[in-house]
J.: 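Below is one structure. I have some questions about it.
Counting begins at 1 with the first residue of the sequence.
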Amino acid sequence: MSYESVRVANLPPPRGHVVEESPGVHREELLREAARFFGWTRLGPDIRDALTSDVDELVVKGAIREADGFLMPADGD
């Protein structure tokens, strides 16, 4: 599977809800978890950039929020 064809927002449960199931997850941890889900053993620059772009988009859209380096559900739950 190529990194161009994946989106963090489309991860199915449980990894798609890593942010929702924790009090806050560090961005780097979320990137690693997403990479593992897709079978990648490391985060190369292309994969990191693609996943980071997805996370940034989720923050901009208000689907998740970021505070002090941690990602949380947008509603604060």
J.: Can you measure from CH2 (Trp40) to CG (Leu51) and round to the nearest 0.5 angstrom?
T.: 6.0 Å
J.: Listed by chain and number, what are the salt bridge (charged side-chain N to carboxylate O under 4.0 Å, His left out) partners of Glu28, not counting sequence neighbours?
T.: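 In terms of salt bridge (charged side-chain N to carboxylate O under 4.0 Å, His left out), with neighbours along the sequence ignored, Glu28 is linked to Arg32, Arg48.
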J.: Looking at every heavy atom in both Met72 and Ala67, which two are closest together, and how far apart are they?
T.: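 What the structure gives for the nearest pair is CE-CB, 3.4 Å.
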J.: Atom CZ of Arg36 and atom CG of Leu31: how far apart are they, to the nearest 0.5 Å?
T.: 11.0 Å
J.: Any heavy-atom pair between the side chains of Leu71 and Leu58 that's under 4.5 Å?
T.: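 SC-SC contact between Leu58 and Leu71 ruled out.
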J.: Excluding sequence neighbours, so at least two apart, what forms side-chain hydrogen bond (donor to acceptor under 3.5 Å, both in side chains) with Asp49?
T.: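 So Asp49 forms no side-chain hydrogen bond (donor to acceptor under 3.5 Å, both in side chains) with any residue.
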J.: In the structure I gave you, are the side-chain heavy atoms of Arg42 and Ile47 within less than 4.5 Å of one another anywhere?
T.: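 No, too far: nothing below the 4.5 Å cut-off.
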